[in-house]
Amino acid sequence: MRGVTFDPDQGTAPAVQVYYNEIPTDAQTAYTALYDIAQIEVLRGPQGLLRGLSAPAGSITIGTRRPNFDKIEGFMQGTGTDRAGYNVQGGVSLPFSDTLAIRVAGLVDGNRVNQVKDVNLGRRSRSTTESGRVTLGWRPSDAFTAYLTYQYLTADNTQFQQVVGSGNTPILGSAVRSGPALSASDYGAVAEAPFRSQNNTHIVNLAMDYDLGGSTLSFVGAHQFSKLSIDRDLDPANSVPGYVANSRVVTPYKVNTAELRWQTNNDKGLGGGIGAFYTKQTGTTVVDQRADSFIAPISPDGLVPLAPGFFVPNKLPIGVNVTVPTDTQTWSFAANLRYKTGPLTIEGGVRYSILKSIQTTQQTLFLGSHPLLGIPPGVTVVSGPTEIIPTNLQKNTNKPITGGLTVNYALSDMLNAYFAYGHSFRAGSTGVALPAGISDDLIRTRGEKTDSFEVGLKGSVLDRKVNYTLAAFYQKFDGYLSRFTSIYYEVPTAQPPSGFFDFNYNGDAKVKGIEASIDTRFVQNWDMNVSAAYTRARFSDALVPCNDFDGSGVPNQNGAPTVTGTGNVSYCRTSGRMAEVPDFSLTANSELRFSAGDYTPFVRALFTYRPGFTSERVNYDYQARSLLNMFVGLRGPESKWEITAFARNLLNQKRITNISLGNSQTPTQSGISYDSGYRLANVMNPREFGATLNFKW
C-alpha cells in the first residue's frame, strides 16, 4: 500500500495491519478464507490510534456478518471455472427470540493457485480450503449487545515455484539437466519435491457494546490457535539434479488479545475516548532441514580427488534442527479528543505502548560420514544444541509513543478539505533459523519509526452524481524494515560455511505521491469508478545486504558466489525501490445494467494497469501489464438470485510480476557453483472462464 511492501516471513509486525472483527489477525489466516463478509474497509497511511496496533502503511478491517434477531435470512453461492477451480459458500441467520440469535456460515474452496505444473514430477499446484463459522448474538436490551464467534480453518496448499530460463547441466561431466527450457507462458517448475503448506486455525472472538447514553463502552477479545506446517525442497530450481534439500518447518502458536474502549457518542462539541489494549503470542517453531556442504560441483553422490589416488565424498552430509521459542507481548494505552464546531473538525490522540519480546534459537547439527572430519561410515556426530542468538539480543523492550492529528474543514456542503499527520512504530525482530556465527546486524533489526503528512480534498459535483477524492502525501522512514531474499553469506567457522539466506535489515526511506479517485452515476443504471496513484517509494542512500559477486557495488550474480568486503554478506548502497512495483497504478471498474421488468441483465468490468519499470534490486525490466476481468449476468426480482459468467485475465497476458536476481545456484567450497540455469519467477495467472450462482433468502 502506497509503495510499502511487506513479507509475512520477516517476523515483524506487518506494514498494513489486518483487523478481523476488530482484532489484529495475521494476513495469512484472514485472507485464506474470506466468506460471509459484512464489510471491508481500507485505511491508508499510519494507523493504530483508535484500535489495536501501530502500522506504518495502513489498516484493513474485515467484519463478518452477524446474526439477524428479527428474521431468518441467508445465502448460498457456488462458483466453478474451466481450470478446476471451485468455491462453495453460504450462511444463514436463525433468530431464537428478540434477544438471542445464531448465524452459521461455511466455505469449501479449491484451485490451482499459480497454475504451475512441475515438469519433473508431473504434478500441478493445488490448494484446498475448508472453513466454518458460528456466531451467537445476545441482545438483552437496546443498550447492550454481545457476539461470540468461533471459526475453524484448514488449508492445504501444494504450490510449485515457477522458473524461467534455458536450464543447465550443473553437474560437471554429466548430461543430466536441471530441466528443459521454460518461458513465462509455460508455467513450469522443476523442483524434485513439492512445496506444501498447511494451516489449521481456531479463532474465538467476543465483542460487546454497552450504550451508556452519552458514551459507549466496548470490549473485543480473541483467542487464536494456529499450527502452520511447511514442507519444501530448498533447491526449487533443481540446481543439483538428483538431490532434494528437504526442509520441514512447524509453527504452532497461540495469540490472546483483548481491548477495552470508552468513547463519547456526541457528534458536535468536545468528545473523545480512551482505550487499553493487550496481546500476547507464544509458540515454538521447529525447523528440520538438510544443509549439506558440497566440496565441488560434481554428482552429490560422487567422489572428488583430494590428491592423486585419494578421493573423498563430494558432499558433507549435514542435518540441522532449529528450535525457536517465541514469547512476545504488547500493552498499549490510547487517548483521543475530537472537537467539532460548524465546518471545522479536529481529532487527534496518542498511544503509549510497551512492547516486550524474548526470542532464542537453539541449533543442533547432525554431521554424517566424511573422511576429512574423521567420521567413519554409518556414524552420525551430533553437535548441540547450541544457542546462536547472542545474550544481548535475546530480550528486547520498546516503549514508543505513536499517534496522529486530523483537521477537516467543510468548504461547502459539497467539498471538504483535510490535513492529516501520523507517527507510527514497528519493533525490530530477531531472525529465525539463522546461520550460526552471523554478525549481530544480520540477526536483530532495530525499531522502525515513520512520520507521515497528507493533505486532500473530498467532494461532489453535478448533484452528487460525481464524487471525487484527491490526496497528496509524504512519508519518511527511519530504519524501514525490509526483507532481502536469497542473499549469499559466508561464515568460515560454521557448518555449513556458506549458502543463501533471507535476511531482515533496516534502511532509511521516503515515500511521496498523489492519489485520485472518481465515482460516477450519470444515469441510474450505470456506475463507474476510476482510481489512480503515483507513488515514489525509495530507499534513501541505504546500506543493505545484497549479492555483489563481481565487486561492482550494485546487486548482481556475475560469476561465482562470493562476499564483497569483510562482512558475512555483501552490502550495497541503494536509493532504489522499496517494493518491486511501478510508481504509477490505475484501477477502474464499471457496471452497466439493463431494465427488463423484474429481471436485470448486467455487464461489469474490472481493469487494472501497471506500467513497466526497471528493477535495480533484481536487474530486470518488468513489462507493462493490463488485467481485464469481465462479468456478464442476470439478477432476479429484488436481487434474490444472480447468475454470472466471467472471464479473468480476458487479455490472457502472461507477464512476469516478480523475479529473482540471476539464476538460482547452490554454492560449493571450491568456489564454483551448481548453476540451475533458471530464475525463480511469479507470473500473472492465465485466462480463466467460470460462472457463479448466488441465491439469497
Side-chain angles (χ1 to χ4, degrees), residues 1-18 24 26-27 43-49 52-60 277 279 281 326 328-332 350-357 359 393 395-404 421-432 440-454 473-485 502-513 535-545 571 573-581 617:
M1 192 179 294
R2 288 186 170 174
V4 180
T5 187
F6 174 69
D7 184 341
D9 291 330
Q10 71 185 45
T12 63
V16 177
Q17 183 64 61
V18 178
D26 63 280
L43 304 171
R44 300 177 183 274
Q47 302 292 323
L49 174 59
L53 300 171
S54 177
S59 296
I60 298 175
F277 173 83
T279 186
Q281 178 174 331
T326 299
T328 64
Q329 67 175 4
T330 297
W331 279 100
S332 70
V350 296
R351 180 177 291 271
Y352 172 70
S353 301
I354 304 172
L355 315 173
K356 294 184 178 181
S357 66
Q359 189 166 315
L393 302 181
K395 296 182 179 181
N396 294 274
T397 299
N398 293 279
K399 298 180 180 180
I401 296 177
T402 58
Y421 164 75
H423 176 72
S424 74
F425 176 86
R426 283 198 295 169
S429 66
T430 303
V432 175
D440 286 2
D441 65 318
L442 298 171
I443 296 175
R444 177 76 192 181
T445 52
R446 57 186 173 88
E448 168 199 280
K449 301 176 183 178
T450 182
D451 292 283
S452 173
F453 304 87
E454 180 177 344
F473 52 88
Y474 172 81
Q475 190 165 3
K476 183 176 181 180
F477 287 86
D478 178 4
Y480 171 65
L481 290 165
S482 188
R483 190 166 182 81
F484 299 86
T485 59
D502 300 343
F503 294 101
N504 296 339
Y505 215 75
N506 295 94
D508 292 346
K510 293 179 182 178
V511 179
K512 51 187 175 182
T535 305
R536 184 176 175 81
R538 299 290 191 272
F539 285 100
S540 299
D541 194 31
L543 187 66
V544 298
Y571 295 89
R573 287 281 176 189
T574 180
S575 294
R577 300 172 190 270
M578 296 167 62
E580 294 294 271
V581 295
R617 186 180 294 193

Quiz item: Is any side-chain heavy atom of R617 less than 4.5 Å from a side-chain heavy atom of E580?
Solution: yes

Practice problem: Side-chain contact test, heavy atoms from C-beta onward, threshold under 4.5 Å: evaluate it for V544 versus S482 and give yes or no. | Solution: no

Quiz prompt | Interatomic spacing from NZ in K449 to CZ in F477 - rounded to 0.5 Å | solution = 14.5 Å

Quiz item: Do F473 and R44 have side chains that get closer than 4.5 Å, going by heavy atoms?
Solution: no

Quiz item: Can you name the residues that form a side-chain hydrogen bond (donor to acceptor under 3.5 Å, both in side chains) with E454, not counting sequence neighbours?
Solution: R2, Y418

Exercise. Check the side chains of N504 and T445 for a donor-acceptor pair under 3.5 angstrom, ignoring hydrogens and angles.
Key: no

Practice problem: Any chance you could measure L393, atom CG, to T430, atom OG1, to the nearest 0.5 Å? | Solution: 6.5 Å

Quiz prompt | N/O donor-acceptor pair under 3.5 Å between R426 side chain and A13 backbone | solution = yes

Quiz item: Side-chain contact, heavy-atom cut-off 4.5 Å: R573 with F539?
Solution: no

Quiz prompt | Sub-4.5 Å side-chain heavy-atom contact between L481 and N506 | solution = yes

Quiz item: To the nearest 0.5 Å, how far apart are CZ in F503 and CZ in F484?
Solution: 12.0 Å

Self-check item: Closest contact, heavy atoms only, L543 versus Y505
Solution: O-CE2, 3.3 Å

Quiz item: Do T535 and V511 have side-chain heavy atoms sitting under 4.5 Å apart?
Solution: yes

Practice problem: State the OG-CH2 distance between S353 and W331, to the nearest 0.5 angstrom. | Solution: 12.0 Å

Quiz item: Is a donor on one side and an acceptor on the other found under 3.5 Å between the side chain of Q475 and the backbone of P56?
Solution: yes

Quiz item: Does the pair R538 and R577 meet the rule for a side-chain contact (heavy atoms from CB on, under 4.5 Å), with working shown?
Solution: CA-CA 5 Å; R538 299 290 191 272; R577 300 172 190 270; 3.7 Å; yes

Exercise. Check whether any side-chain heavy atom of D26 sits under 4.5 Å from a side-chain heavy atom of V18, and report yes or no.
Key: no

Quiz prompt | Beyond-backbone contact of F277 with L53, side-chain heavy atoms, under 4.5 angstrom | solution = yes

Quiz item: Rounded to the nearest 0.5 Å, how far apart are NZ of K356 and OG1 of T328?
Solution: 12.5 Å

Quiz item: Is R446 salt-bridged to D478, cutoff N-O under 4.0 Å?
Solution: yes

Self-check item: Least distance between heavy atoms, R444 atom then G428 atom
Solution: NH2-O, 3.0 Å

Quiz item: Minimum heavy-atom separation for G479 to D508, with atom names?
Solution: N-OD1, 2.9 Å

Quiz item: Under the side-chain hydrogen bond (donor to acceptor under 3.5 Å, both in side chains) test, which residues partner R536, sequence neighbours left out?
Solution: none

Self-check item: Nearest heavy-atom neighbours spanning S332 and R351
Solution: OG-NH1, 2.7 Å

Quiz item: To the nearest 0.5 Å, how far apart are OG1 in T485 and CG in D502?
Solution: 5.5 Å

Practice problem: Heavy atoms only: give me the nearest H423-T450 pair and the separation to one decimal. | Solution: ND1-O, 3.1 Å

Quiz prompt | Main-chain N/O of F425 paired with S54 side-chain donor or acceptor, under 3.5 Å | solution = yes

Quiz prompt | Backbone of Q359 reached by a side-chain donor or acceptor of T326 within 3.5 Å | solution = no

Self-check item: Nearest non-hydrogen partners of D541 and S575, listed with the distance
Solution: N-OG, 3.1 Å

